[in-house]
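Step one of this worksheet: look at the structure below.
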Amino acid sequence: MFIKKILLTGFAAAAMVTARAQITPMIFTIAADKIKAHIEPNMYGIFFEDINMAADGGVYAELVKNRSFEFNSPLAAWTERLKGGGKGSIEVVDRTAERPENAHIIKVNVNATTGYFGLSNEGFRGMGIKKDERYSFSVNARKPGTGPITMLIELHNAKGAVIGTGRLTPTATQWKKYAVKFTATATEDKASLYVWLKGTGAIDLDMISLFPEHTWKNRPAGLRADLVQKLADMKPGFLRFPGGCIVEGRDLANRYQWKKSIGDIDKRETIINRWNMEFKHRPTPDYYQTFGLGFMEYFMTAEDIGASPLPILNCGMACQFNTGQLVPVDQLDPYVQDALDLIEFANGGPDTKWGKLRTDLGHPKPFNLKMMGVGNEQWGEQYIERWKIFTKAIKDKYPYIKIISSVGPFAAGEEFTRLDKFFRAQHADILDEHYYQSPKWFFDNAKRYDNYDRNGPKIFAGEYAAQSVGGGSPENKNNWDCALSEAAFMTGLERNADVVHMASYAPLFAHVDAWQWRPDLIWFDNLRSYGSPSYYVQQLFSLNKGTDVVPLLQKGEMVSGKDGYYATASIDKGTNELIIKFVNSGATAQPVKFNIEGGKSYGKTATVITLRSADKAAENSLAAPTAISPVKSLINVDGKAVNVTVEPLTFKVIRLKAVGM
Ligand code: AHR
């Protein structure tokens with residue numbers, strides 16, 4: 001449970017009363033019976049992109065890096081090893097003609113009647129291994145010659161001590177998958193895997209793999225349970241995947257192709273991750289995509305955590321910050337077909353080609369896909385041209401699918417205005433706005449949507465995060481100032497829930513030793529993870545959204561920045577509660593009084609959830625993962641008035657239960 005509970009009694013309560021007595025409370029009025037806007041049940045979601053080693057080396061629990069020898073240097077991450085007098089050699093064999101999507105295997109020539117010859121794998125900045133957990137090693141092997149070759153599998157800790165052992169004897173002359181499970185005897189975050197061979201002769205190997213048995217829902221070769229749990233704990237309304245710029249690719253060859261991300265794991269073609277060398281200040285040359293986390297896994301994870309799936313598809317344009325390669329419009333058909341086929345894959349019955357494939361992959365139940373993004377951060381006439389073709393084809397066949405359309409990478413400016421105008425004229429469904437801006441921008445823009453056309457396209461705040469230094473700076477921090485500014489801004493999203501239908505922070509995950517971009521929502525190493533202060537802001541909005549916005553005013557005005565205060569109120573028709581969200585971005589504590597109008601009576605106590613730090617620069621970390629995290633308390637409700645002191649630099653959620661209705 002993420003919430004620390006405190007019952008404010010005795011000294012703490014007295015201290016607050018004293019504070020209240022000293023400063024006149026600021027009065028706010030809530031018209032709890034006047035519904036202003038409906039809040040979409042899936043309003044607060046998550047945005048997943050394989051950046052910062054979020055997938056390979058992150059949530060995808062595979063521990064072996066370059067398991068199928070498909071990196072540009074086929075033996076990257078592998079080292080030849082000898083022990084006890086064993087000898088041998090390793091050849092990389094190219095079988096492109098036979099298996100273009102998994103072109104390399106290794107042939108290991110073993111000369112080790114005494115001792116061993118073998119190879120070790122370094123993992124993703126090491127391997128995270130837990131004492132007493134079971135691990136599942138597997139390998140595809142073929143042993144054309146006679147004479148036994150036995151395999152000894154060892155896990156080594158960083159000092160070289162053995163902390164896990166398994167044995168196999170591959171005998172088949174044709175490719176066959178061999179597997180063994182074993183228990184680790186120690187915990188280590190920088191372990192490595194050794195594959196020792198004994199005997200004489202040659203053996204072919206591919207797909208050398210190691211997974212923990214304990215994964216999310218204990219699916220074999222699945223996802224890291226602690227990381228998916230952090231997502232589930234947010235109760236996200238939707239899961240946007242697989243990106244981000246990764247959808248577009250640096251060039252078209254490098255784009256995300258969903259059809260190559262499903263089915264047999266050894267047939268999913270590994271490609272370079274586009275974030276590999278994107279940032280000169282954070283080069284990550286060992287960053288590839290194996291697609292072990294592919295579209296089937298994305299859909300299933302969304303289903304597991306109760307989120308609507310939101311795939312974003314390439315619309316025939318590579319990243320416009322990179323090559324900007326374009327597919328000529330008369331050659332766009334395969335791209336459009338990919339979009340149509342994806343809808344059939346997600347929703348089609350077993351009598352359809354792609355619905356049957358989903359069924360064959362073990363999921364007869366449709367995924368209930370309702371929306372799809374056409375392009376990521378696109379702009380210009382080229383986007384408009386391609387968007388029209390995609391939208392017509394999708395709407396002709398699947399009129400119920402809502403199209404998410406990009407208004408480019410920036411929150412304002414010429415391209416934003418051009419696309420915004422165009423899409424409004426087209427009566428587009430949902431516009432995807434992105435903003436990576438300073439905390440000041442977020443505080444100043446809590447009113448951004450107050451004057452948007454209530455009858456125009458709906459807004460998806462598809463990627464946003466406050467940057468403490470500046471967009472793309474490696475010096476950006478996930479600090480409290482950023483998170484508080486996001487909370488202030490999000491009161492504006494919620495107040496405008498009739499226009500803003502969806503919102504997601506970005507990026508989602510980052511490996512502490514292998515990130516390219518920050519800030520990020522959730523940080524992890526090979527064993528542990530923690531939510532940034534922004535994570536808790538997102539979580540509090542998601543868990544406390546309510547069903548309908550009601551007016552919360554100060555002297556008839558909305559509370560969106562005056563004197564550093566930001567607030568919104570909603571009711572939850574399901575639980576019969578009133579929910580108040582309040583941000584005090586100032587440096588002094590402020591007693592506030594909420595007068596509640598409307599017919600309902602409320603219980604004698606209200607629950608208050610407080611997220612705060614006295615230090616704007618404070619951050620969470622692996623060592624102090626919940627330094628800034630929600631604290632729960634109870635306060636008294638005085639008839640139809642709630643009095644509470646909001647500490648400086650604080651975000652509070654107050655929940656009141658209606659009684660006797
Ligand atoms: O979130 C990181 C990147 O920022 C996304 O890939 C892209 O859409 C945006 O520019």
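Read the numbers this way: they start at 1 and go in the same order the structure lists the ligands and their atoms.
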Task: Flag if over 12 foreign heavy atoms under 6.0 Å of NZ, Lys259 - done: yes
- [ ] For this output row, return yes or no: ring centroids of Phe295 and Tyr256 closer than 6.0 angstrom.
- [x] yes
TODO: Report the relative orientation of the aromatic rings in Phe509 and Phe524; use parallel for angles under 30°, tilted for 30 to 60°, perpendicular for over 60°.
DONE: perpendicular
TODO: May I ask you to check whether over 12 heavy atoms, not counting those of Lys402, lie within 6.0 Å of atom NZ?
DONE: no
Can you list every pair where an N/O of ligand 1 is under 3.5 Å from an N/O on the protein?
| residue | atom | partner | partner atom | Å |
| --- | --- | --- | --- | --- |
| ligand 1 | 1 (O) | Tyr436 | OH | 2.8 |
| ligand 1 | 1 (O) | Glu463 | OE1 | 3.4 |
| ligand 1 | 4 (O) | Tyr436 | OH | 3.4 |
| ligand 1 | 4 (O) | Glu463 | OE1 | 3.2 |
| ligand 1 | 6 (O) | Glu49 | OE1 | 2.5 |
| ligand 1 | 6 (O) | Glu49 | OE2 | 3.2 |
| ligand 1 | 6 (O) | Cys245 | N | 2.7 |
| ligand 1 | 8 (O) | Asn376 | ND2 | 2.9 |
| ligand 1 | 8 (O) | Glu377 | OE2 | 3.4 |
| ligand 1 | 8 (O) | Glu463 | OE1 | 3.1 |
| ligand 1 | 8 (O) | Glu463 | OE2 | 2.6 |
| ligand 1 | 10 (O) | Glu377 | OE1 | 2.7 |
| ligand 1 | 10 (O) | Glu377 | OE2 | 3.0 |

- [ ] Would you indicate whether Lys235, at its atom NZ, is surrounded by more than 12 heavy atoms from other residues, nucleotides or ligands within a distance under 6.0 Å?
- [x] no
Open item on the list: Taking the basic N atoms (NZ, or NE/NH1/NH2) and the acidic carboxylate oxygens, is any pair closer than 4.0 Å for Asp266 and Arg67?
Closed with: no
